[in-house]
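Only a predicted model underlies this, so the values are computations on that prediction, with no experimental measurement involved. Just so we're on the same page: letters track the sequence lines, and every chain starts at 1.
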Protein chains: 2
Amino acid sequence: MEKNQFEALRELTERRDYRALRTALAEENEVDIAEFIEALPEEKATVAFRTLPKELAAEVFSNLPPETQQVIIMSVTDRELSAIVEDLFVDDAVDMLEELPANVVRRVLKNAHPDTRKLINQFLNYPENSVGSIMTAEFMDLKKSMTVEAAIKHIRRTGEESESIYTCYVTDASRRLEGVLTVKELLLAGDEEIVADLMETDLITAETTEDREEAVARMMKYDFITMPVVDRENRLVGIVTVDDVMDVMEEEATEDFEKMAAIAPSEKPYLKTSAFSLAKHRIVWLLVLMISGMITGGILGRYEAAFAAMPLLVTFIPMLTDTGGNAGSQSSTLIIRGMAVGEIGPRDFFKVLWKELRVSLMVGAALSAVNYVRLILMYPGNEMTALTVALALFVTVLLAKTIGGILPMAAKLVHADPAIMAAPLITTIVDAISLVVYFKIACALLPI
Amino acid sequence: MEKNQFEALRELTERRDYRALRTALAEENEVDIAEFIEALPEEKATVAFRTLPKELAAEVFSNLPPETQQVIIMSVTDRELSAIVEDLFVDDAVDMLEELPANVVRRVLKNAHPDTRKLINQFLNYPENSVGSIMTAEFMDLKKSMTVEAAIKHIRRTGEESESIYTCYVTDASRRLEGVLTVKELLLAGDEEIVADLMETDLITAETTEDREEAVARMMKYDFITMPVVDRENRLVGIVTVDDVMDVMEEEATEDFEKMAAIAPSEKPYLKTSAFSLAKHRIVWLLVLMISGMITGGILGRYEAAFAAMPLLVTFIPMLTDTGGNAGSQSSTLIIRGMAVGEIGPRDFFKVLWKELRVSLMVGAALSAVNYVRLILMYPGNEMTALTVALALFVTVLLAKTIGGILPMAAKLVHADPAIMAAPLITTIVDAISLVVYFKIACALLPI
């Protein structure tokens with residue numbers, strides 16, 4: 001929506017010209033209307049929402065943030081609320097209920113039709129991150145024996161209630177899934193053809209209890225815009241639609257970013273999370289890593305004599321540990337992401353190891369050479385120090401990249417989350433190792 | 001596809017029973033067939049591909065990796081090639097040509113129909129990462145004056161050539177976009193209704209030269225499965241479909257992961273990239289950061305006297321710099337990701353600053369307290385050293401989180417890529433600052 005349209009709508013609300021507001025809002029997209037209502041003060045938001053024509057109200061409602069939904073639920077009549085709940089698609093209703101406080105949830109469920117209430121309760125029971133928790137109950141089903149003409153008629157008569165009509169599902173008497181057929185295939189076929197002859201029977205489905213990430217990966221692989229969800233007895237219970245897939249993809253990527261930065265994942269957007277809650281999500285890993293950092297410090301303590309005798313050695317520590325950490329996290333990031341998008345699997349363990357070894361040899365050699373030349377130029381006469389630093393750097397890069405490449409895969413093999421094996425942990429591990437290597441080489445080559 | 005089906009198909013290929021292979025393949029999904037052909041040795045791959053029925057060949061072809069596409073292009077006849085190219089959707093053909101070597105591209109273009117060739121060339125000219133480079137030329141268009149009945153007939157007659165028929169576009173005589181209408185809306189309307197009365201005229205479009213990431217964000221916001229693409233004169237030139245959106249989302253997230261780990265982004269999957277090319281993508285940033293690490297070392301050099309007098313101070317350096325780096329990259333990761341998904345904008349600068357300040361006060365206080373207690377217990381009598389470390393840690397966390405939160409936003413304000421301001425760079429900056437702070441406090445509090 002353009003800024004001036006937004007202003008015009010605001011003005012109509014200020015002037016309480018609700019008839020004009022109603023007409024103007026009916027022209028807009030539901031996402032834009034939701035944005036407009038969200039930006040209004042509380043009392044105004046409810047009034048503006050009530051001017052919406054009935055068929056638009058549920059759509060706008062499902063696009064509002066939980067806080068505004070709550071305000072509206074608490075201020076409309078039972079009858080209005082009931083109409084909204086019945087018009088929402090079950091997955092949107094469930095999304096909403098998961099965010100609202102208990103008293104508001106009670107009010108919503110009280111005003112839902114018994115069938116709707118049962119369905120909502122069933123959906124609320126699916127485990128978090130399962131396919132069941134993101135699926136939609138409303139889909140288009142056809143029977144095997146229908147002709148194309150009858151099927152199209154059936155869709156035209158009953159399509160209103162389905163979130164997506166573009167993929168139709170063919171079920172038998174006991175709701176077991178027998179085939180799928182797209183509306184495109186139906187429309188392109190002749191009127192007299194039979195659904196059974198047109199439908200695809202090589203079915204790719206998801207199960208209600210399956211992890212949603214796996215189901216989404218499968219939908220992406222096959223470029224599906226919907227995928228059928230079945231229960232253990234292969235009965236069709238719902239569908240996953242592409243808009244849910246996009247939301248899941250975005251959420252899963254965000255979760256990986258958070259984990260890889262040593263933050264406990266949070267569901268809420270940054271700006272809506274309190275400072276206290278942000279601090280809580282960050283402190284656990286910081287503490288764990290700080291204690292690991294202390295262990296590194298302990299290792300360093302054993303070489304106190306060495307750097308008391310030759311303080312110059314200390315000045316190379318930041319360069320050495322930083323480069324090791326960066327080299328290691330480059331590798332771990334590529335491997336973690338490769339596994340997340342399904343390009344790399346546990347079977348590629350040795351391929352990854354071999355590749356990282358070669359990469360680290362090249363990168364290590366180049367960085368060491370640059371460092372050696374720099375040290376020779378800056379500290380003439382200290383050839384052995386230059387050699388020590390260059391050698392330590394080479395070994396550090398080699399170890400960092402190998403560890404960075406292998407640890408995420410090892411995590412996957414023992415069914416842990418590879419995203420934990422990211423920059424922060426890799427850096428801490430590599431720090432400790434590189435310092436031991438550095439001082440061992442220093443003690444061997446230098447007179448300390 | 002099940003493993004045993006895969007084996008069965010392989011056996012048919014081995015036995016050269018091409019008739020049975022053809023029948024068996026026709027039952028499978030095109031993505032699975034492509035996977036099967038990809039796994040065959042070169043000569044076998046071409047033979048298996050040629051057994052495919054014509055209508056399946058182009059679909060399977062667009063799912064093959066560039067190497068296998070190249071093998072097939074070079075071994076089929078001109079006539080077969082021409083049939084494949086004409087059956088491919090233009091965006092798939094363009095994706096393919098962008099990956100193939102010049103001699104193979106020439107052979108493909110030579111065998112394309114002049115109109116197709118012109119279209120392909122036009123598409124190849126859109127800038128990388130623009131909307132034009134991911135759009136599809138085949139879409140369904142309707143006229144304003146059509147009745148619903150006529151429109152459905154039109155779709156049934158001409159739908160074969162469109163990649164997506166579910167959103168139809170209404171254009172005037174000079175191809176200017178006037179409205180959109182979904183097939184769902186068409187099917188649910190009465191036969192006699194007129195397209196002009198049903199179509200949505202509040203249009204949300206993309207421009208060919210617009211950044212694809214922005215267009216994709218808009219499609220996600222409105223939950224569109226297709227979006228019209230117009231040129232500068234508002235003439236409809238193509239559509240973006242949801243399968244392209246998902247690919248773009250995945251690619252953009254991967255690119256951010258790479259940039260945030262200080263790797264130059266690469267288009268190819270990890271396992272298919274050579275070790276040399278991987279090394280090349282990693283070394284530039286490692287060099288830059290290594291040189292920055294040297295600057296930190298230089299700063300450290302100024303305090304040689306301090307740690308020669310009190311070597312214990314050195315052992316706290318890894319804990320201090322690691323914690324600072326981790327605290328900073330937690331903040332920068334959340335802000336970078338928040339900006340990438342559109343939750344945080346430049347207008348939120350002060351909100352972010354204020355939030356990070358509060359978070360860092362809490363986190364810094366907690367970590368410092370833990371450290372102070374530990375040091376008092378481990379080094380009794382060294383209260384001032386404990387205080388020095390705890391104070392330095394507190395200031396480090398405070399600065400790290402503030403810098404980590406602000407730098408990505410600053411980058412955005414000057415139109416640089418925020419993803420650069422991630423863990424590696426933040427760590428390097430915070431390292432240098434935290435060491436200065438540490439030794440300044442040490443010099444003030446301790447007798448050195």
Side-chain angles (χ1 to χ4, degrees), chain A residues 27 29 31 155-156 159-160 165-166 184 187-188 220-223 242-243 246 249-250 253-254 257 261-263 269-270 275 278-279 282-283 286 289-290 293-294 296-297 300-301 304 308 311 314-316 318-319 322-323 326 329-330 333-334 337-338 343 355 358-359 362-363 366 423-424 431, chain B residues 31 155-156 159-160 165-166 184 187-188 202 220-223 242-243 246 249 253-254 257 261-263 269-270 275 278-279 282-283 286 289-290 293-294 296-297 300-301 304 307-308 311 314-316 318-319 322-323 326 329-330 333-334 337-338 341 343 355 358-359 362-363 366 423-424 431:
Chain A
E27 293 292 301
N29 180 294
V31 179
I155 294 172
R156 293 186 73 170
E160 192 71 65
I165 63 163
Y166 299 134
K184 184 173 176 182
L187 287 175
L188 298 183
M220 274 204 71
K221 176 174 170 187
Y222 292 103
D223 276 346
V242 79
D243 53 320
M246 293 197 285
M249 281 176 67
E250 197 170 285
T254 299
F257 275 110
I263 308 170
Y270 176 84
L278 281 173
R282 298 185 193 178
I283 202 157
L286 281 184
L289 293 167
M290 188 177 82
M294 289 173 185
T296 310
L300 213 46
E304 270 185 30
V314 174
T315 64
F316 302 120
M319 184 277 293
D322 281 0
T323 307
N326 290 332
S329 70
Q330 283 182 333
T333 301
L334 282 184
R337 182 65 185 161
E343 271 164 21
K355 197 155 253 178
R358 281 177 298 158
V359 173
M362 287 187 258
V363 171
D431 270 12
Chain B
V31 179
I155 293 172
R156 295 186 71 170
E160 193 72 65
I165 63 163
Y166 300 133
K184 184 174 177 181
L187 286 175
L188 298 183
D202 178 27
M220 274 203 70
K221 176 175 170 186
Y222 293 103
D223 275 345
V242 78
D243 53 320
M246 291 198 283
M249 280 175 66
T254 299
F257 275 111
I263 308 169
Y270 176 84
L278 281 173
R282 299 185 193 179
I283 202 157
L286 281 184
L289 293 168
M290 187 177 83
M294 291 172 183
T296 311
L300 213 46
E304 270 185 30
F307 49 77
V314 175
T315 65
F316 302 120
M319 185 276 294
D322 281 1
T323 307
N326 290 331
S329 70
Q330 283 182 334
T333 301
L334 282 184
R337 182 65 185 162
V341 300
E343 272 164 20
K355 196 156 255 181
R358 280 177 298 158
V359 173
M362 287 187 257
V363 171
D431 270 12

Chain B: which of A:Gly159, A:Ala308, A:Gly338 shares the most heavy-atom pairs with it under 4.5 Å? A:Gly159
Part of B:Asn326 within contact of chain A (heavy atom distance under 4.5 Å): both
Shortest non-hydrogen contact from A:Thr333 to B:Phe257? CG2-O, 3.5 Å
Please flag which part of B:Val242 lies under 4.5 Å from any non-hydrogen atom of chain A: side chain, backbone, both or neither. side chain
Relative to chain A, which segment of B:Ala423 carries a heavy atom at a distance below 4.5 Å: side chain, backbone, both, or neither? neither
Side chains of A:Leu300 and B:Val314 in contact at under 4.5 Å (non-hydrogen atoms): yes
Give me the atom names and distance for the closest heavy-atom approach of A:Met290 to B:Thr323. CG-OG1, 3.6 Å
Residue, of A:Met319, A:Arg156, A:Lys355, that accumulates the most heavy atom pairs under 4.5 Å with chain B: A:Arg156
Any donor-acceptor pair under 3.5 Å from A:Gln330 side chain to B:Arg282 backbone: yes
Of all heavy-atom pairs linking A:Ala275 and B:Arg358, the shortest is CB-CB, 3.9 Å
CG/B:Asp322 to CG/A:Leu286 distance, rounded to the nearest 0.5 angstrom? 11.0 Å
Using heavy-atom distances under 4.5 Å, tell me whether B:Phe316 contacts chain A through its side chain, its backbone, both, or neither. neither
How far apart are the closest heavy atoms of B:Glu343 and A:Pro269, and which atoms are they? OE1-CB, 3.3 Å
B:Leu188/A:Glu160 under side-chain contact (heavy atoms from CB on, under 4.5 Å): CA gap, chis, key distance, verdict: CA-CA 7 Å; B:Leu188 298 183; A:Glu160 192 71 65; 4.0 Å; yes
To the nearest 0.5 Å, tell me how far B:Ile155 CD1 sits from A:Lys184 NZ. 11.5 Å
I'd like to check the side-chain hydrogen bond (donor to acceptor under 3.5 Å, both in side chains) partners of A:Thr254; sequence neighbours left out, ordered by chain and number. B:Arg337
Locate the shortest heavy-atom distance separating A:Thr315 from B:Glu304; write the atom from each residue and the value. CG2-OE2, 4.1 Å
Is A:Asp431 in contact with chain B via its backbone, its side chain, both, or neither, using a 4.5 Å heavy-atom distance? side chain
Would you confirm whether A:Tyr166, through its side chain, and B:Ile165, through its main-chain N or O, come within 3.5 Å as a donor-acceptor pair? no
Specify the closest pair of heavy atoms between B:Met249 and A:Met246, including all atoms of both residues, with the distance to one decimal. CE-O, 3.5 Å
